[in-house]
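In what follows, chains carry the letters A, B, and so on, assigned in the order in which the sequence lines appear, proteins first and then strands, with residues in each chain numbered from 1. Because only heavy atoms are used, hydrogens play no part in the values below, and waters and symmetry mates are left out as well, while side chains stay in.
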Amino acid sequence: MMDKHYDAKAAEAKWYPFWENSGFFHQEPGKGEPYSVVIPPPNVTGILHMGHALNQTIQDILVRWRRMQGKNTLWLPGTDHAGIATQNVVEKALRKEGKRRQDLGREAFVERVWDWKKQYGGTIVHQQRMLGNSTDWQRERFTLDEGCSKAVAKVFTQLYNEGLIYKGNYIVNWCPRCGTALANDEVEHEANHGHLWYVRYPVAGSALGVKGELNKDYICVATTRPETLPGDTAVAVNPTDERFAAIVGKNVVLPLTGREIPVLADDYVEKAFGTGIVKITPAHDPNDFLVGKRHGLEEVNIMTDDGHMNELAGEKYCGMDRFECRKALLADLEEGGYLDHVEDYDNQVGHCYRCHDVVESRLSKQWFVKMKPLAVPAIAAVRSGEVKFVPDRWSKIYFNWMENIQDWCISRQLWWGHRIPAYSLRESAGISEELKVKSDELVFVAETAEEALEKAKAKTGNAALTLADLEQDPDVLDTWFSSWLWPFSTLGWPENTADLEKFYPTSDLVTAQDIIFFWVARMMMAGIHFMGKPPFKNIVIHGIVRAADGSKMSKSKGNSLDPLELIDAYSADALRFSIALITSLECDTKVNKEKFEIGRNFCTKIWNAARFIEMQEANIPEKKTIADISDLTADEKHILWATDLACRKIGEILENYRIQDGALAVYDFFWTQICDWYVEYAKDAPDKARAFAILRDVFYKALRLLHPYMPFITEEVSHALGYLKEDESVMLAKFPEGYSQEEKSAWGLSAEIYEFVNAKREAITALRALRAEYKVSPAAFVKVTLATDDAAASGEVESLKKAMRAETIDFVASGADLPMPSKITKFATVYLSLDGLVDKAAESKRITAELAKLAGFIKASEAKLSNESFVANAPEAIVAEARRKLADNKEKAAQLEKLLRLFA
RNA sequence: GGGCUAUUAGCUCAGUUGGUUAGAGCGCUUCCUUGACAUGGAAGAGGUCAGUGGUUCGAAUCCACUAUAGCCCACCA
């Protein structure tokens, strides 16, 4: 016996270990058409959030569906080492002990991070199991594990040898708090309400007086970042700007420093902005850097790694924080009369995507990947249709980015990550001065230190060199430098494995729009470059989960939902189904807790329907099976036809990645077709054994259609109703494809009969509406007359009597003049005889009151309307007034006449 | 500055290549505690599909413009 209430927690605790321990998630690269997906690896520091819930629900639906189709299905899980994020977490923990990572030293620190990973890194992996993910845990990978690291070293070396990796002195985005360079897309631009300061630079040789007594001999520049002033090495004007033509080539004096700097002409300067004069700070602004390169300017770096001013900023400012320095310097400029005026100014300021500190532009030596040569074939693969975006519009965004791609800064000044496989020679190696001059060539890139040593020996001609003479580059690689290899590094590359052979390229990649550039585009490039084939066939892009008001979910705002709490409150199936039902691939998903009640309620419905089957079957003495049914009623044919339709439709919907439509279709099929109509029919079916044989078959098809969305309850119910043996699972059952042509013709199914029953239901609905309209109890037996010419209708007398709760059903010709009340449907004109069913006096009073409202007597106030004597004494006037008012409203006028006829 | 998208019921959204009466969930109104289910059932109210113009026998759907909102990219100090 099934319990009265579904115990989701018990089912989840029971079936997940059953699936995992039975090896149902695991797949060997044997026979069968492959279907493979690699999970977007969550950060190892991560905890499961709604974004994961959405992303992984979609994947699991696709994966479970393909597995049920009989494909050789692999969903490969893993986590990302998440360089900055993880290092930050451990450094934070260290800080509580009053230590910095430098106190431990590199080796001990990295050891410490590994310890952290061993202890806490499994959190998200366990949480993913709560969702019901059917990932092959036997293949779980980590971007910093041995295999992935090997792949990274090989890729770096190969790209270096191909000339696609280089080291350069460039201006990079620098996070002072994290102490590392950031790639362009790791910088988030946020609106900033700031100021534009106008600063006077005296022309050389002139003297700038104290405030209020200035001579005219100065030029004025506008800046948003006055603290970089000590790093200025020029000011610039547009070459076509006649206002300043005379001053170009002269020098001006840098305020507060006394240093003279030149005035240049450069196209970069916009005449219309600010004063038309720009201060040039090559070491602290990317544009200025380029201007500096063009004009051979000195690059004066005035800041330290952690965002403080250094000695080049001047004695007074040295050691100050950059923002503190801004204040101090502005005060000094004002004091000295250099500050002309200030304007409010809104601009965009870059912030670190990890710690949200304001990013600095900073000059440093970094490693870069040349992206253009890699982008070209990756663009072509999407253009040719070899790889498809779903929905397609994302391809436009992909092209736009790929066609304007910038080189990728891949070095990070961190300790946690893949250390760059580049080696230089220590002092101990005793390098000759001659070689030192060409120091760039004394970097040896190789997959291992030993190979680098061989290269060093060959280069220097010194066979006595040992590993101790080599020093590995201290930087590590950007986290994405391992994740861009994920689709093949996880399958064993660079070894030539059977897994790679079978499962590469993967089938679908499912991810959110926010990492198309970070991750998807780069995987495309790496896949094509190293494997010769794009890493996946379809890129399924879904939106971001947002709070109910459309804002981003964040812990600090307190508007985030925790999927684990939702699972606890409503069950994993409820979470999965609800999110699938409310998520369109086309746009972001707004959620609040209440939306997950849909799934919870659906679980309840499924459970109760199953209980109904179990209870009813117990009362059927001689059970039948679907194999031995014959002479079906129209309603029975209808549900079989509807089931066949649902099976085919849902398969087709999933082929097109329409997860939401699939959820909607299966929900409607189960709730409306099975529960609302067929189950009600089955209660009073002429042959209960046959009706339940059909229900049993239809119900298991429904459970299998539902399984990808709701794995736990479908497994539980499939076992409870005896569809499966103890050691079997619905997750390995065949996904239903509908009934065969033979079955359909043997049972006499047809679209005509399906439509006929739909029409019949309209008639039943119409009768219910008439009951509601005339306040006839749903329980009361009534006399019904149906005006129809459909000969088949008379065959439905018995089922109509039951469904309509009719004492008698009479048929008349469709043209017959029926008294009111009646409703016209496709099936028939339905007439309900009210004799003896309605308290005419009470009903008359009610209708009179309504007419009074219609006629405008409503103004007589609610109190008067409820006054019986008023209504009773005024019907003539009310009717006359109602007739007059409703003269233009045909529908309501007809209703009025109908009522008058009825209650005259 | 460049690119992308959206605007349909009170709210959140569906509406596949243009084709009967534009749908769902929630909310709302009325009724029903009939033995699968009140986390339920029945009935109902509510939409000039942002606006204007065009293409078409026919437009929520295609095109143009307008308005509004949002997202992404980008080096305007």
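Phosphate proximity of B/G40 to A/Asn601: present, with a side-chain N or O under 4.0 Å from OP1 or OP2. Contact annotation: A/Thr765 reaches the phosphate of B/A43 (side-chain N/O to OP1 or OP2, under 4.0 Å). For the OP1/OP2 pair of B/U5 and a distance below 4.0 Å, the side-chain nitrogens and oxygens of A/Lys396 include at least one atom meeting the criterion. At B/C37, none of the side-chain N or O atoms of A/Trp671 fall inside 4.0 Å of OP1 or OP2 (strictly under the cut-off).
Counting to the nearest Å, the C1' atom of B/U39 and the NZ atom of A/Lys595 are 18 Å from each other. Distance CD (A/Glu597) to P (B/A38): 15 Å, rounded to an integer number of Å. Whole-Å rounding puts the A/Gln513 CD to B/A6 P distance at 13 Å. A straight line from CZ of A/Phe389 to P of B/G3 spans 19 Å, rounded to a whole angstrom. Straight-line distance from the CZ atom of A/Phe517 to the C1' atom of B/C73: 7 Å, rounded to whole Å.
Relative orientation of the A/Tyr700 and A/Tyr723 rings is parallel, given thresholds of 30° and 60° on the angle between their planes. In this pair, A/Phe577 and A/Phe602 present their aromatic rings tilted. The plane angle is within the 30 to 60° band.
Here the separation of B/C4 from B/A43, taken at their C1' atoms, is 45 Å to the nearest Å. Using atom P as the reference point in both B/C76 and B/G15, the two lie 37 Å apart (nearest Å). Taking the C1' atom of each, B/C73 and B/U56 are spaced 39 Å apart, rounded to whole Å. Spacing of C1' atoms, B/A60 relative to B/G19, comes out at 13 Å, to the nearest Å.
Side-chain polar atoms of A/Thr228 and A/Lys279 form a donor-acceptor pair below 3.5 angstrom.
Within 4.0 Å (heavy atoms only), A/Lys605 reaches at least one base atom of the nucleic acid. Nucleic acid contact class of A/Val269 (heavy atoms, under 4.0 Å, all strands): base. No contact: A/Ala779 has no heavy atom under 4.0 Å from any strand. Nucleic acid contact for A/Val679: base, since at least one base atom lies under 4.0 Å from a heavy atom of the residue.
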Quick one: what's the B/S/- string for nucleotides 16-21 of chain B, heavy-atom cutoff under 4.0 Å, read 5' to 3'?
B-----
For RNA chain B, what dot-bracket results from Watson-Crick or G-U pairs at under 3.5 Å, with [ ] for crossers and | for inter-strand partners?
(((((((..((((.....[...)))).(((((.......))))).....(((((..]....))))))))))))....
